Protein chains: 2
Amino acid sequence: MKFSDFKKLVAISREEICREIFRENRARIKVKKEKVAVKNLVKIFDATLSISNRKGFHAMSLRDLSGETGLSMGALYSYFGSKDELLDIIQSQGRRLASRVLSEQLAGITGARERLRRALYSHLYLSEALHPWFYFSYMETKNLNREQQRNAIENELYTESMFSDILAEGRASGVFDVKDTLLAAAAIKALLQDWYLKRWKYSGRKTSIEEYAGFIIDFIEAFVLRAPARV
Amino acid sequence: MKFSDFKKLVAISREEICREIFRENRARIKVKKEKVAVKNLVKIFDATLSISNRKGFHAMSLRDLSGETGLSMGALYSYFGSKDELLDIIQSQGRRLASRVLSEQLAGITGARERLRRALYSHLYLSEALHPWFYFSYMETKNLNREQQRNAIENELYTESMFSDILAEGRASGVFDVKDTLLAAAAIKALLQDWYLKRWKYSGRKTSIEEYAGFIIDFIEAFVLRAPARV
DNA sequence: GTCTATATCTGGATAGAC
DNA sequence: GTCTATCCAGATATAGAC
């Protein structure tokens, strides 16, 4: 599957995401006209991710945000109640969207090897489509409150167990040969995350995402499909 | 090699590190008695890493630092000229120490496979011995000034090229079979870094570092030593 | 060498005009 | 719905006593 096809298939536009956020937070958001609100929410989230990913959420002042969005301090506060709330909204929305897309992508796929490949592609492509959010989410976990931190951890463990389950299923059906499926799943996650954590590196080298996907599939399959030790 | 042996071999004590920092920064540090200075520097760096790794360097106030070290604000400022300088000192000292230890560890080792294993063990064990620093270094890169950011990137690329070179050497001598040594080296780094980035996870599961080391060596060798495709 | 006290500034948040 | 003006807590940094 090519990335461009995935993008068409999933169709995650910033407007759509912001509309969903608006509808779910109507109570808290003081601006009532959907059209106006969505337009400004797009600006606000874009700017927040962009500034934070450059210098960190905590280091971003609301005056920075005001400057980059073109909205005044007062206006910003009609969209969120506090800086922390802004952080929460971005994180929880992103998490929900990601887990929704991923489970959709795996639905109906059978065969361990095919499921593994599909899961790898989906994760990787989704993190590319939502790159600023994935990076933000990883780097700003420690700025969350306790409850949201628990959610973030749960999320990490959930996707990991997804991979672990696929590996276990493959082992049961004789396709895979892995002793410790949990360690293997952790390694898989590390390889997936490297793409969005070190994107500057891959961009600089003009490594395409399809190339990276092909590579890590090779890398992972060499281990999980492996024949008995060749030493 | 077991971790406990490595630790004895390398013998990186916090006192020793702080003594080195003191001697190299005598000009800037206002306190002149080595014994006093080193004792307090240990407190300062320990506390900085501990607080920052919990909630981020930027979110750590100097009052926090004062509280945790037991030193007053005034006293702190006789050890560094500004909060940013404190950050710089920690980062550059850590980098220097790490690259020194790693090149020492590889000196005189011959044979690509043996060199690869040694490099993996050294990296992993060093990151364990200096865990708070490695974690800090990774997470606080964006708070550095331009020059220090360049150093951090250089450092990442340097260790990566070390692995890439080992793989190329092994390919030349017929031990390894890797097409893209740079991509493979990037993957290796990702696996090494996961250990210190997700230490909470591995600690919680009681995965020992020797176990993790054994696992990633298996994982990596399954790919680099691999026989022609088995599909 | 270290502390207390304080100057100075920045950032989050809000009230009220438009 | 948005802006300007302002409040105030908390941050870095320093001066000077001990």
Side-chain angles (χ1 to χ4, degrees), chain A residues 18-19 21-23 25-44 47-48 51-52 54-90 140 143-145, chain B residues 18-19 21-23 25-44 47-48 51-52 54-90 140 143-145:
Chain A
C18 288
R19 184 151 31 242
I21 292 179
F22 172 69
R23 289 184 183 163
N25 292 279
R26 267 219 173 91
R28 291 192 287 190
I29 295 175
K30 295 201 185 75
V31 177
K32 291 304 164 199
K33 286 187 194 161
E34 182 167 304
K35 213 173 153 186
V36 178
V38 169
K39 190 192 70 184
N40 284 332
L41 284 172
V42 170
K43 277 192 205 162
I44 293 172
T48 302
I51 302 171
S52 298
R54 224 176 311 129
K55 62 179 188 179
F57 181 76
H58 199 276
M60 172 192 80
S61 73
L62 291 182
R63 286 180 179 83
D64 290 341
L65 191 57
S66 162
E68 187 140 332
T69 55
L71 292 162
S72 68
M73 298 281 293
L76 289 177
Y77 274 90
S78 24
Y79 291 93
F80 50 81
S82 73
K83 201 183 166 191
D84 281 345
E85 195 182 296
L86 173 61
L87 179 60
D88 280 5
I89 295 175
I90 296 182
E140 303 299 343
N143 290 325
L144 295 168
N145 59 39
Chain B
C18 289
R19 186 153 27 245
I21 292 179
F22 172 70
R23 289 182 182 164
N25 292 277
R26 266 217 173 92
R28 292 191 286 191
I29 295 175
K30 295 202 186 73
V31 177
K32 293 303 165 200
K33 285 188 195 162
E34 182 167 305
K35 213 174 154 186
V36 178
V38 169
K39 192 193 70 184
N40 284 333
L41 284 172
V42 170
K43 278 191 206 164
I44 292 172
T48 303
I51 302 171
S52 299
R54 224 175 313 129
K55 61 179 188 179
F57 181 76
H58 200 275
M60 173 191 80
S61 74
L62 292 182
R63 284 189 185 86
D64 290 341
L65 191 56
S66 163
E68 187 139 334
T69 55
L71 292 162
S72 68
M73 300 280 295
L76 290 177
Y77 275 92
S78 23
Y79 292 94
F80 50 80
S82 73
K83 202 183 164 190
D84 281 344
E85 194 182 295
L86 174 62
L87 179 59
D88 279 5
I89 295 175
I90 296 182
E140 303 298 344
N143 290 324
L144 295 167
N145 59 38

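Predicted model, so just to flag it, every value in this text is computed and none were measured. Every chain is numbered from 1, with letters handed out A, B, ... down the list of sequences.
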- Expected output: side-chain A:Lys43 to main-chain A:Leu71 donor-acceptor under 3.5 Å: no
- Query: In terms of side-chain heavy atoms of B:Leu62, which of D:dT12, C:dG11, D:dT2 is nearest?
  - Reply: D:dT12
- Message: For B:Phe22, is there any backbone N or O sitting under 3.5 Å from a side-chain donor or acceptor partner on B:Asn25?
- Response: no
- When you measure from the side chain of A:Asn40, which nucleotide among D:dT2, C:dG12, C:dG1 comes out closest? D:dT2
- Take atom NZ in B:Lys33; do more than 12 heavy atoms of anything else shown fall under 6.0 Å from it? no
- Note on the structure: Out of D:dG1, C:dT2, D:dT2, minimum distance to the side chain of A:Lys33 belongs to D:dG1
- Backbone of B:Ala27 reached by a side-chain donor or acceptor of B:Lys30 within 3.5 Å: no
- Message: From C-beta outward on A:Met73, which listed nucleotide comes closest to its side chain: C:dT2, D:dT2, C:dT14?
- Response: C:dT14
- Query: Rounded to the nearest Å, what distance is computed from the CD atom of residue B:Glu85 to the C1' atom of nucleotide D:dA13?
  - Reply: 13 Å
- Task: State which of D:dA13, D:dG1, C:dG1 makes the closest approach to the side chain of A:Lys32.
- Result: D:dG1
- Of D:dT12, D:dC3, C:dG11, the nucleotide closest to the side chain of B:Ser61 is D:dT12
- Message: Can you see if the side chain of B:Tyr77 gets near the phosphate of D:dT14 - specifically, an N or O under 4.0 Å from OP1 or OP2?
- Response: no
- Query: Pick the nucleotide of DNA chain D nearest each of A:Arg63 and A:Ser78; which residue has the one closer to the 5' end?
  - Reply: A:Ser78
- Checking C:dG12, D:dG1, C:dT2 against the side chain of B:Val31 (C-beta onward), the nearest is C:dT2
- How long is the line joining NE2 of B:His58 and C1' of D:dG10, in whole Å? 13 Å
